[in-house]
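Since this is a predicted model, take the numbers as computed values, not measurements. We name chains A, B, ... by the order of the sequence lines, and we start the count at 1 in each one.
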Protein chains: 4
Amino acid sequence: MKQETQTREKLQQTAKEEFMEKGYAAASLRNICRKANVTTGALYFFFKDKEDLFGSLVDEPLKKIYEFMKTHYEVEIKELKTAATKNHDSKEDTEAAVMALNYMFEHHDEFTLLLTKSAGSRYENCTDRFVEISEAHYRVLADEMSERCQTEKIDDYTIHWISHLQILSFVQLITHDISKEEALKHINTIVKFLINGWFGIYK
Amino acid sequence: MKQETQTREKLQQTAKEEFMEKGYAAASLRNICRKANVTTGALYFFFKDKEDLFGSLVDEPLKKIYEFMKTHYEVEIKELKTAATKNHDSKEDTEAAVMALNYMFEHHDEFTLLLTKSAGSRYENCTDRFVEISEAHYRVLADEMSERCQTEKIDDYTIHWISHLQILSFVQLITHDISKEEALKHINTIVKFLINGWFGIYK
Amino acid sequence: MKQETQTREKLQQTAKEEFMEKGYAAASLRNICRKANVTTGALYFFFKDKEDLFGSLVDEPLKKIYEFMKTHYEVEIKELKTAATKNHDSKEDTEAAVMALNYMFEHHDEFTLLLTKSAGSRYENCTDRFVEISEAHYRVLADEMSERCQTEKIDDYTIHWISHLQILSFVQLITHDISKEEALKHINTIVKFLINGWFGIYK
Amino acid sequence: MKQETQTREKLQQTAKEEFMEKGYAAASLRNICRKANVTTGALYFFFKDKEDLFGSLVDEPLKKIYEFMKTHYEVEIKELKTAATKNHDSKEDTEAAVMALNYMFEHHDEFTLLLTKSAGSRYENCTDRFVEISEAHYRVLADEMSERCQTEKIDDYTIHWISHLQILSFVQLITHDISKEEALKHINTIVKFLINGWFGIYK
DNA sequence: TATGAATGAGTCTTCATTCAT
DNA sequence: TATGAATGAAGACTCATTCAT
């Protein structure tokens, strides 16, 4: 039971190194096998193909973070609907951001792979998918606010773009070589910036 | 005199198509030649190698936009130093943005190549270079403001991140499939958002 | 177990034919594979690259002959130092030559490749290396003799040139299409010629 | 009349550089043309093909040295027949060698091309042809001596081999990076060595 | 005289993948 | 579980040569 999984894990480890170094497309399965002291055949016993190998590294963290986003957004919408006040409280946003960030720092390598080394694989647009989720959320949020404040509806492009800014701000905290402590420090600035920017649109 | 340049241009055209479709790395010179009804040798008569071919499409627009940024930023700094008021005037920013945008829409394909299809080539980090230029500029700007307003200095990471937001906002206007008219419309929102976000940091 | 090595050996055989016919540089891996009824991929499974394929044919014989030279020369120097007489005994030289020749005739093809078909590969200067080894040896020998006979020291160029003559004499016995028996017959003449030539210098 | 030959000569000059650097086979006509600031078409106006270009550099010196050998050998044979004495006079040999050497040093580059850079061209065996000429001469010489001295005939291989030694000794004076003065100094040693070696066979 | 364009076959090498054992 | 062998297509690039103008 030990030996069995050992090869698989060894492969994952060397694969991670190779993907990190060269990115998905330029990574060579041969190299990965060679470094793991294993033949190509072995790799294909454990993994369907190159993409499956890459996926085995990133699938779970990716799924988790998707779920986290979903849950967080659902809660936020619910609270928005029940809340009387129209004032947005940035505390909750920051808290959620911190939680997400904590998780991502725990799987720093995996998210680095996803966010900067996945070109050529089915994951290459994963940032876009984050944006899409964010977008859907902010669409609702913005509409709610427009109604309450009696302002004009914000167009789709703007929603998309702001979502992208937000996601990017997040992604950078992972992909730029800074420590978790530093990242947490910056979160406040980011949230402040984005909220002020956002409200600036309504003026 | 016609026939002479015809092949070169035909190659550039089919190359553009191939690069657009598959990106630099995955593009195949064989395919490009086949589509252009030309042998590989012919391609290598006109272009030194794959990168040179790609460069022949994007080099000039890239150079022009670099120069534009440089000039614009120089002027802005000069005005900042001579200006008495501490109030930032967004009109000029918007004007410059509009000019840049106009130029980029005139070379829409080329900038799409540069910004989203250049992975694997020497141009793959061209967005980062835009950010760097922006960063240097905002560093100066922020320091000037800190002094005038007697506020704390903004740290480097924040400057970098804001620069990135700004460049990204711009890049999206090109890479997302919207018309020039729409893009111009959004510029105002973007500038407003960024300026408000920026001032939000000082609160 | 048979089939496994069969392809590798088949490749080596057709490679030998191609290298023999065209020399290293002009030999085509495609041809080699075609003649062996094998795809290029198969070749690269067994051999790292063109040079590795060539090396797989000649490396061992080359190493052996280097070792033989080294050993033989070491012994000769040792005997020289212990010997009282200043007269050189050609018997031992001849014996060593015969042994080397025997080995080289056993690997006639390989040495032909090395000595006349290796241009363009890392082995192209292997004759020069033989000469260098010989040179170092004769340098010592000549100095010892100069001292004993109270004659002038022989200059480096002459040592180099004589070493080259000697190596060439040897090489010819392999590269000229003569039988082993004939070659062995000529060895005596060669040794006589070289020794007389050598002593001629001192007159 | 000036301009006309100018291009041709420029081409020959850059060709010489390229051949010297890379050898015949690896030399690239493209490179040669590029360095000469001339198109490939121009090259093919002046020269039939690659070999013709190479030949234009070496043909004349080669022809001259062939003729010199022929003449010298004819004279020597004639003198041998009329001479009563059986003693060989090395003076004449040395004189001829010095003359040949002088000529070769005047065309040092050309002979370097011929002797060490011609692999792949029709000239690659030019050393062998020198040897053949020498061989024919020594065949006659040796037979004459055998008869006069009442010794056994020397076999063809030995004649061939000695001729090769002699030619090689000569060639080295050109191909090893030594000055003309040094080369002339060594000639005496070489002639002494070879003559003593030669007579050693008869003992 | 010389250009500039183009050919077309060829170079070595790398790749992800498959499959009998 | 894993091996070792093999596929076959594709990769970028270089070459000597030709020829209309």
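- The aromatic rings of Phe54(C) and Phe19(C) lie perpendicular to each other, with more than 60° between the two planes, well past the 30° mark.
- Looking at the side chain of Val38(D), the nearest of the listed nucleotides dT3(E), dT1(F), dT3(F) is dT3(E).
- Rounding to the nearest 0.5 angstrom, the gap separating the CE atom in Met20(A) from the OG1 atom in Thr112(A) is 4.5 Å.
- To the nearest angstrom, C1' of dG8(F) lies 14 Å from CZ of Arg34(C).
- With a 3.5 Å ceiling on both atom-pair distances, the Watson-Crick or G-U wobble partner of dA2(F) is dT21(E).
- Separating the CG atom of Leu11(D) from the C1' atom of dA2(E) is a distance of 11 Å, rounded to the nearest angstrom.
- Between Gly41(A) and Asn37(D), the residue anchored nearer the 5' end of DNA chain E, judged by the nucleotide with its closest heavy atom, is Asn37(D).
- Between Lys16(A) and Glu110(A) there is a salt bridge, since at least one side-chain N of the basic residue sits less than 4.0 Å from a carboxylate O of the acidic one.
- When rounded to the nearest whole Å, the span between CD1 of Ile32(A) and C1' of dA2(F) equals 18 Å.
- Residue Ser28(B) has no polar side-chain atom (N or O) positioned under 4.0 Å from OP1 or OP2 of dA10(F).
- Nearest to the side chain of Asp49(A), among dA16(F), dA2(F), dT17(E), sits dT17(E).
- Across the protein-nucleic acid pair, Phe47(D) atom CZ and dA2(E) atom C1' stand 14 Å apart, rounded to whole Å.
- Checking dA9(F), dA2(F), dT7(F) against the side-chain heavy atoms of Thr40(C) singles out dA9(F) as nearest.
- For the P atom pair drawn from dT21(F) and dT1(E), the interatomic distance equals 22 Å after rounding to whole Å.
- Among the protein residues, Ala36(B) comes within range of no part of the nucleic acid, since none of its heavy atoms lies under 4.0 Å from any strand.
- Each of dT18(F), dC12(E), dT17(E) was ranked by its minimum atom distance to the side chain of Tyr44(D); first place goes to dT18(F).
- A straight line from CG of Leu43(C) to P of dG8(F) spans 15 Å, rounded to a whole angstrom.
- Within 4.0 Å (heavy atoms only), Ala27(B) reaches sugar-phosphate atoms of the nucleic acid but no base atom.
- Formation of a donor-acceptor pair under 3.5 Å by the Asp49(A) side chain with backbone atoms of Asp52(A) is found in this model.
- Remark: P of dA2(F) and CG of Leu29(A) are 17 Å apart, rounded to the nearest angstrom.
- If you check the side chains of Asp59(D) and Tyr123(D), you find a donor sitting under 3.5 Å from an acceptor.
- Separating the CZ atom of Phe45(B) from the C1' atom of dT18(F) is a distance of 13 Å, rounded to the nearest angstrom.
- Both Asn31(A) and Ala26(C) lie close to DNA chain E; mapped to their nearest nucleotides by heavy-atom distance, the more 5′-ward contact belongs to Ala26(C).
- Looking at the side chain of Thr39(C), the nearest of the listed nucleotides dA6(E), dT3(F), dT7(F) is dT7(F).
- Under the Watson-Crick or G-U wobble criterion, with both distances below 3.5 Å, dT14(E) is paired with dA9(F).
- What separates CZ of Arg30(B) from C1' of dG8(F) is a distance of 12 Å, to the nearest Å.
- Residue Glu18(C) is tested with Arg30(C), Arg34(C), Gln13(C), Lys35(C) for a side-chain hydrogen bond (donor to acceptor under 3.5 Å, both in side chains); the sole match is Lys35(C).
- Each of Lys48(B) and Ala42(A) lies near DNA chain F, and the nucleotide nearest Ala42(A) is the one positioned closer to the 5' end.
- In this structure, of dA6(E), dT11(E), dC15(F), it is dA6(E) that holds the atom nearest to the side chain of Thr7(B).
- Nearest nucleotide to the side chain of Lys50(C), out of dT7(E), dT1(E), dT13(E): dT13(E).
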